[in-house]
Structures are given as C-alpha cells and as structure tokens.
Amino acid sequence: MSVSGFVFRTLMFALLWWILTEGDINSWLVGAPVVVMAALASAALLPPVSWSLSGIVLFIPFFLLRSLYGGVDVAMRALHPQVPISPGVFEHRWRLPPGLPRVFMADTVSLLPGTLSTGLDDEHLRVHVLDQSGDYISELSVVEEKVARLFGLNLHTDKRGE
Amino acid sequence: MLDWILAALVLVGAFFTLVGSVGLYKLPDFYMRLHGPTKATTLGVGAILIASILYFSFTTEAISLHEVLVTLFLFITAPVSAHLMAKAALHAKSKQVSRTQCHADFRQSGDVQDFSLRSK
C-alpha cells in the first residue's frame with residue numbers, strides 16, 4: 001500500500017475517533033495509538049480499493065429502495081397467516097473478482113428481498129431464498145453489475161468453463 | 001411538521017423491528033428465521049436512527065453524526081453476522097424444512113453433500 005493511501009486511512013480513522021469522542025482533546029491519549037493500530041491493521045487486511053463516484057451515486061438509491069422492499073417483503077410473509085414461503089438454495093457463479101467486491105456483494109444480497117447469502121467459495125455465491133418462484137438469477141446479476149460499477153470494474157462477460 | 005415526520009419514522013421503525021422478531025418466531029427453519037431479523041429489523045432500527053438524526057439536527061445546533069455512524073455500522077454488521085450464522089448452521093448441519101429445494105449442483109465438500117441430500 002502506498003504512503004498516501006496509508007496516510008488517508010489514518011486520517012479517516014482519526015476523523016472517526018474525533019466524531020465518536022465529540023472532539024474531546026484528552027481522549028487522544030488513547031485515540032492516537034488506537035488510530036495508528038487501526039490503520040496498520042487495515043493496511044495489512046485490506047489492499048487498496050478503488051471506488052467509482054458515479055457507481056456510489058447509482059448504488060445508494062438502488063440499495064435503499066431494494067432493502068426497503070426487502071423489509072416489507074419479509075414482513076408480509078411473516079405476518080401472513082399461512083406464511084407463504086417456498087424456500088430454496090441457489091448458486092450464483094461469480095463474475096466479480098475475488099476480494100472486497102465479492103464480500104460486498106454477499107453482504108448486499110443478504111439485505112435485499114428474500115435472499116440471504118449462506119456461503120461463498122472460489123466459484124459461487126450460495127444464496128438461500130424465501131420464495132423460489134422469484135427470478136433470483138437475473139436479480140443477482142443486476143446486483144452484481146451494480147457492485148461492479150461501485151468498484152469501477154467491468155464484468156467479463158465470458159463465463160469460464162461454460 | 002417535523003414532529004409528524006419523526007412520529008412516522010419512529011412508528012415505522014418500531015413496526016419493522018417487531019415484525020423482524022415475529023418472523024424470527026414464525027418462520028419454520030433456522031435459515032428462514034435469519035431473514036426476518038436481518039432485513040426487517042435492520043430496516044426498523046435504521047428508521048429509528050434516521051428519526052434520531054433529524055431530531056438532534058433540528059433541535060440542537062450541530063448535525064448529529066453519531067447516528068450516521070451507528071446506521072452505517074448497523075448496515076455493515078447485520079449481513080455479516082447473518083452470513084456467519086448461516087454458515088455455522090450449514091457446518092453444524094442444522095435441520096432444514098424438507099421442501100427446501102436446491103437449484104445448484106453441490107458436488108465437493110461433505111457437509112454440502114448432506115445438505116443437498118436432506119433437501120428433497
């Protein structure tokens with residue numbers, strides 16, 4: 001990781017600490033070492049990430065609307081006297097590259113309507129769905145494209161081994 | 001006007017938090033039970049936090065950033081914990097209702113094999 005990247009992360013953690021402690025000067029006695037340790041840990045755990053601003057702007061409304069619908073959907077099913085569900089498990093073949101984009105997609109999927117990620121390996125994302133009559137294959141593809149745009153990636157359209 | 005928006009947000013938040021718990025109670029197996037708290041309750045707590053952001057931003061001088069952070073962390077951590085619980089349940093071979101259908105070709109690992117056998 002570059003020096004400027006490390007400095008940027010340190011500053012972000014410092015900002016976080018500053019907000020959490022409401023700018024209390026005395027807290028920096030603990031805060032300064034913690035911020036440096038957090039930055040070191042993040043440098044060791046997470047390689048540099050590139051974000052696309054237009055991707056973020058497009059992703060946020062999509063995510064908020066879909067997760068709102070996700071909450072309403074599971075609420076309706078839970079409150080309905082017959083509990084209308086037909087559970088299933090799908091596997092989605094990754095088009096995203098390994099690392100943060102995949103983890104980000106797995107987490108996003110869990111907050112969207114009727115889907116919950118239960119595992120990810122080198123080739124697939126495994127998703128538990130509440131109602132398998134839904135079109136989850138195209139739903140997951142849409143989510144994947146949004147996540148790819150968020151990280152400024154192009155999905156390679158060739159499906160390996162198929 | 002602000003009061004009405006706040007009241008609506010708090011009520012909606014309370015409703016979804018409750019419904020998430022109802023889902024946890026009513027849905028038939030572990031994997032389905034995870035859907036309720038992960039989605040509905042996260043949304044409910046999110047709505048209550050937005051109400052809190054609005055209240056403190058309008059009634060005090062400063063914009064309230066604490067709740068923004070809490071909301072952010074909530075949305076980051078809820079799916080991670082649900083994912084890990086689902087993974088742990090698969091590993092422990094937690095029972096699934098028999099009508100759960102697999103639309104995937106599970107081939108390799110042992111626990112996954114069991115998982116597909118159990119699902120008719």
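Every chain is numbered from 1, with letters handed out A, B, ... down the list of sequences. Every heavy atom of this structure was used, including side-chain atoms; hydrogens, water molecules and symmetry mates were not. Computed from a prediction, not measured in an experiment: that's the story for all the values here.
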Would one find more than 12 heavy atoms of other residues, nucleotides or ligands at under 6.0 Å from atom CZ of B:Phe30?
-> yes
Between B:His83 and A:Thr118, is any pair of side-chain heavy atoms under 4.5 Å apart?
-> no
Identify which part of A:Leu68 has an atom lying under 4.5 Å from any heavy atom of chain B, answering side chain, backbone, both or neither.
-> both
Minimal heavy-atom distance between B:Lys39 and A:Leu112, with the atoms involved, is CD-O, 3.1 Å
Does one hydrophobic cluster hold both A:Val142 and A:Val129, with members joined at side-chain heavy-atom distances below 4.5 Å?
-> yes
Distance col, row A:Leu79:CG vs B:Leu18:CG, nearest 0.5 angstrom, shows 8.0 Å
Residue pair A:Asp107 / B:Pro79: nearest heavy atoms and the distance that separates them | O-CB, 3.3 Å
Taking the side chain as every heavy atom from C-beta outward, state whether A:Leu111 and B:Phe75 have any pair of such atoms under 4.5 Å apart.
-> yes
How far apart are the closest heavy atoms of A:Ala78 and B:Gly23, and which atoms are they?
-> CB-CA, 3.5 Å
For B:Thr38, is it the side chain, the backbone, both or neither that has a heavy atom under 4.5 Å from a heavy atom of chain A?
-> both
Do the side chains of A:His128 and B:Met32 get nearer than 4.5 Å, heavy atoms only?
-> yes
Choice from B:Met85, B:Lys26, B:Lys87 maximising heavy atom contacts with chain A below 4.5 Å = B:Lys26
Minimal heavy-atom distance between A:Leu20 and B:His66, with the atoms involved, is O-NE2, 3.2 Å
If you look at every heavy atom in A:Ser117 and B:Ala86, which pair is closest and at what distance?
-> O-CB, 4.4 Å
Chain B contact via A:Val103 - side chain, backbone, both or neither, heavy atoms under 4.5 Å | neither
Please flag which part of A:Phe104 lies under 4.5 Å from any non-hydrogen atom of chain B: side chain, backbone, both or neither.
-> neither
Rounded to the nearest 0.5 Å, what's the gap from CG on A:Leu116 to CZ on B:Arg33? Could you check?
-> 14.5 Å
Over all atoms of both residues, closest heavy-atom pair of A:Val74 and B:Ala40 | CG1-CB, 3.7 Å
Could you state whether A:Leu140 and A:Leu153 fall into the same hydrophobic cluster, counting links through intermediate Ile, Leu, Val, Met, Phe, Trp or Tyr residues with side-chain heavy atoms under 4.5 angstrom apart?
-> yes
Given side-chain contact (heavy atoms from CB on, under 4.5 Å), test B:Leu90 with A:Arg126 step by step and report yes or no.
-> CA-CA 11 Å; B:Leu90 275 181; A:Arg126 192 173 306 131; 3.9 Å; yes
In this structure, are over 12 heavy atoms from other groups packed under 6.0 Å from A:Leu29 atom CG?
-> no
Using a cut-off of under 4.5 Å for heavy-atom pairs, which of B:Leu65, B:Leu84, B:Val68, B:Ile76 has the most such pairs with chain A?
-> B:Leu65
Can you tell if the side chain of B:Asp29 reaches within under 4.5 Å of the side chain of A:Pro87, non-hydrogen atoms only?
-> no
Under a 4.5 Å heavy-atom cut-off, does chain B meet the side chain of A:Thr108, its backbone, both or neither?
-> neither
